[in-house]
Structure formats: C-alpha cells, structure tokens
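Here's the structure, in structure tokens; my notes come after.
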Amino acid sequence: MKKQYLLILTLATLVLGGGELLVRSLGMIDFPLYNANALIGYIPAANQKGSFLNSHDWQFNEKHMGTGAFVTSAKPDILLVGDSIVLGGNPLTQADRLGPQLQQVTSNSIWTISAGSWALRNELAYLRSNQDVVKQVDAIVFVFNSGDFDEASSWKCEITHPRNKPTIALWYLFNKYVYSFEPCNNIPDGLKVPPGNVWLELADFLKTTQIKPLYIIYPDNAEFLNAELRNQHFAPNLSKLAALPGDIFLVTDDKHWSANYYRDGIHPTAEGNAVLAKIISDALKSSTH
C-alpha cells in the first residue's frame with residue numbers, strides 16, 4: 001500500500017511539475033507587473049517588457065508609459081491618458097493597442113500612460129507626480145468612459161494587478177481563470193487611496209499647465225446602443241467637464257464607430273482601436289489645444 005501511495009505521489013509531482021514548466025514555457029505568466037501605493041493606487045512598473053503567450057508583446061518605459069523610452073522630438077508630442085481602453089491588456093499585441101494605432105495615423109509622437117480600471121483621479125495623481133512629462137508634451141488626450149469620474153481605484157490583489165511573478169504559476173492561473181481562493185474584495189491597509197473631489201483636482205491640475213486637453217468620451221457597448229442610458233451615465237459629468245478648459249469629443253458623434261468594434265462589454269477589438277485612433281486623430285486636428 002505504501003508503494004502505491006508513493007507511486008501516486010510521484011506521478012502527481014511529475015504531472016504538476018510538467019504542467020508548471022509547460023505554462024511557464026508558453027508565456028502564460030509573462031505579463032506586466034505593478035507598483036502599488038496610496039497615492040496613485042497602482043501603476044505598471046517602470047522599465048519592463050515581455051510577451052504574453054510568447055506572441056502578445058508589451059513594454060513600459062522609465063516613466064511607466066506603454067511605449068519606448070520617453071525622448072521628445074521636433075514632432076508634436078501627445079500624451080494619451082486612460083484606463084484599460086488605452087492600456088489594451090494581454091489580449092492585444094503592442095502594435096494593436098490604441099497608442100501605437102494612433103501613432104500610425106498621425107504625424108505626432110504618442111506617449112501613453114494608463115492602467116486597467118484607473119479612474120481620472122488615478123490619472124491626475126500620475127500627472128501631478130510627473131510634471132516633467134507634462135512640461136514636455138504639446139497636447140494631452142484623456143479617454144473617458146462613464147466610470148472614470150468615480151473615486152480613485154486602489155490596489156486589491158495580485159490576481160488583477162500582480163506586483164511579483166507568481167511563485168507557482170499553476171496556482172496563480174487556477175485562481176485567475178477557474179476559481180479564486182484569494183478574491184479581490186479587500187484593499188490592504190496602507191494602500192487605499194483617500195477619497196477626494198475629482199473636479200477640484202482636475203481644475204487644480206489645469207491651472208498648472210497651458211495645455212487645454214482633449215477629452216474623448218467613450219461609451220461601453222450598452223451605452224453606445226442605448227442613447228437614453230448613455231445620456232443618464234454621461235450627462236451630469238459632461239456638464240461639469242464643459243465648464244473647464246479643453247475640448248470634448250463624443251465617440252458616438254463619429255459615424256465610423258460601430259458596436260462591431262467591441263471585443264466585450266467595453267474594450268475595443270484591434271480593428272476597433274484602429275478606428276478609434278482615426279477618430280482621435282481627427283478630433284486632435286480640430287481641437288484648439
């Protein structure tokens with residue numbers, strides 16, 4: 001009987017060990033890492049690059065931007081700011097993300113700063129902490145969805161915003177994709193971003209720069225298909241935004257946008273990013289930034 005248990009244990013160890021080596025060799029945990037604190041919530045760590053599934057390349061520079069090294073040039077420099085709409089995430093290659101797509105259709109240099117589930121207050125925390133970046137760019141483009149005017153997002157767990165590579169890849173993937181024994185329900189002590197007033201913070205930031213931002217208002221799929229829902233979610237915040245410096249452009253005002261460009265309830269497909277990039281490019285040309 002002891003020999004049978006030993007054989008089973010040996011086989012289980014070999015299977016698990018082989019599975020661990022397999023998922024690592026497939027690039028299933030080759031994803032970006034994050035820094036977390038109570039000032040910005042979380043942000044992609046600086047100076048990292050990789051290839052999720054050995055095919056979806058990604059990179060972040062010394063300024064946490066999803067681009068190469070931050071070196072301005074004679075071209076106009078555009079800072080593209082947002083959440084997962086701008087970030088793109090693991091399902092997309094670097095070239096298919098919004099920033100590189102915008103680079104393709106403009107004569108400008110595009111620099112992106114973003115993180116999944118960021119709100120405007122997270123984005124403003126970055127801009128306040130990186131005034132050197134703000135001073136070197138010629139325009140700022142914010143991409144807003146209807147949830148971006150809520151309180152800042154705080155770091156919650158390693159499953160959504162990992163700070164370190166998992167010690168056991170199989171355990172991490174099981175928690176992420178099958179069943180989470182470590183749900184992201186609670187914000188750890190010391191990492192909660194204090195509440196604030198997003199409109200005061202935005203107004204204060206705008207006083208520090210001569211740049212008048214371009215605000216791209218991006219609806220999710222349900223809001224795009226339902227004008228009443230879209231108005232209910234956006235109208236109160238748009239009236240406040242209109243009182244501040246900058247130009248507002250609604251994606252729904254462009255005839256080229258379609259419900260076919262969503263890969264899920266909110267994120268664009270690669271083709272959708274190409275169309276959205278063209279919409280932003282046209283808005284920049286008509287903007288008074």
Side-chain angles (χ1 to χ4, degrees), residues 76-86 98-99 102 106 108 110-115 117-128 131 133-135 137-153 193 195-258 261-262 266 268 272 275-289:
D77 291 279
I78 312 297
L79 185 61
L80 182 64
V81 185
D83 55 14
S84 56
I85 308 304
V86 172
L98 184 58
L102 183 57
T106 69
N108 306 319
I110 307 299
W111 309 99
T112 64
I113 185 67
S114 59
S117 297
W118 258 9
L120 175 54
R121 289 193 62 231
N122 299 94
E123 296 159 12
L124 291 170
Y126 176 86
L127 297 174
R128 287 195 300 269
Q131 280 293 319
V133 170
V134 176
K135 290 177 181 178
V137 299
D138 301 293
I140 299 175
V141 178
F142 289 96
V143 179
F144 290 145
N145 61 64
S146 58
D148 287 339
F149 305 100
D150 297 336
E151 287 293 347
S153 296
V193 180
N197 186 313
V198 64
W199 299 109
L200 289 179
E201 291 180 20
L202 178 56
D204 287 344
F205 165 69
L206 293 174
K207 292 175 184 177
T208 68
T209 176
Q210 297 299 312
I211 296 174
K212 294 181 179 180
L214 173 62
Y215 309 111
I216 302 295
I217 308 302
Y218 175 88
D220 64 24
N221 198 357
E223 292 163 343
F224 176 75
L225 296 171
N226 187 326
E228 182 178 351
L229 181 66
R230 185 168 67 246
N231 184 67
Q232 177 185 341
H233 288 179
F234 279 106
N237 292 318
L238 287 182
S239 63
K240 296 176 182 177
L241 197 60
L244 296 171
D247 294 328
I248 300 172
F249 187 87
L250 280 63
V251 171
T252 49
D253 285 347
D254 192 288
K255 64 181 181 180
H256 296 99
W257 189 250
S258 162
Y261 292 134
Y262 293 94
I266 188 169
V275 175
L276 183 57
K278 183 62 167 60
I279 291 172
I280 295 174
S281 175
D282 290 344
L284 274 168
K285 292 174 184 176
S286 61
S287 173
T288 59
H289 67 268

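Residues take their numbers from the sequence shown, with the count starting at 1.
By the 30° and 60° cut-offs, the orientation of the rings of W257 relative to Y262 is perpendicular.
For the pair P219/V251, a side-chain contact is recorded, criterion being any heavy-atom separation below 4.5 Å from C-beta on. Between T112 and L98, every side-chain heavy-atom pair lies at or beyond the 4.5 Å cut-off. Using a 4.5 Å heavy-atom threshold, the side chains of I140 and F205 count as touching. F142 is listed as a side-chain neighbour of L120, based on a closest heavy-atom distance under 4.5 Å. For the pair L238 and I248, the minimum side-chain heavy-atom distance is below 4.5 Å. The shortest distance between side-chain heavy atoms of V86 and V81 does not fall below 4.5 Å. Under the 4.5 Å side-chain criterion, counting only non-hydrogen atoms from C-beta, T252 is not in contact with I217. When side chains are defined from C-beta on, R128 counts as touching E201, because their heavy atoms get closer than 4.5 Å.
Considering all non-hydrogen atoms of both residues, P213 and P245 come closest at CD-O, 3.8 Å. Contact between V141 and I78 at its shortest, heavy atoms only, is CG2-CG2, 3.8 Å. Closest approach of G272 and P268 over heavy atoms only: C-CB, 4.0 Å. Counting all heavy atoms, side chain and backbone alike, A152 lies closest to V193 at CB-CG1, 3.7 Å. Smallest separation of non-hydrogen atoms from S146 and H233: CB-CB, 3.8 Å.
Side chain of T106 to main chain of L102: a donor-acceptor pair is present (N/O by atom type, distance under 3.5 Å, no hydrogens or angles). Using modelled atom types, one side-chain atom of N122 and one backbone atom of S153 make a donor-acceptor pair closer than 3.5 Å. Although no hydrogens or angles enter the test, the distance criterion places a donor-acceptor pair under 3.5 Å between the side chain of R230 and the main chain of F224. The backbone N or O of I266 sits less than 3.5 Å from a side-chain atom of Y218, completing a donor-acceptor pair. Put simply, the side chain of S286 gets close to the backbone of A283: a donor and an acceptor are under 3.5 Å apart.
To the nearest 0.5 Å, atom CG of residue D254 and atom CZ of residue F249 are 5.0 Å apart. Between the CG atom in L244 and the NZ atom in K240 there is a gap of 10.5 Å [rounded to 0.5 Å]. Taken from CG in L284 to CG in D138, the straight-line distance is 11.0 Å, to the nearest 0.5 Å. Here the CD1-CG distance, from I279 to L250, works out to 11.0 Å after rounding to the nearest 0.5 Å. Remark: I85 CD1 to L276 CG distance equals 8.5 Å, nearest 0.5 Å. If you take CG on N108 and CG on L79, they are separated by 12.5 Å, rounding to the nearest 0.5 Å.
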- Full working for side-chain contact (heavy atoms from CB on, under 4.5 Å) between Y126 and V133: CA-CA 10 Å; Y126 176 86; V133 170; 4.0 Å; yes
- CA sep, side-chain torsions, deciding dist, call: V134, T208, side-chain contact (heavy atoms from CB on, under 4.5 Å): CA-CA 9 Å; V134 176; T208 68; 5.7 Å; no
- Message: Could you walk me through whether D83 and N145 satisfy the side-chain hydrogen bond (donor to acceptor under 3.5 Å, both in side chains) test, starting with their C-alpha distance in whole Å, then the side-chain angles of each, then the deciding distance to 0.1 Å, before giving a yes or no?
- Response: CA-CA 9 Å; D83 55 14; N145 61 64; 2.6 Å; yes
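When ring centroids are compared, F149 and F144 come within the 6.0 Å threshold.
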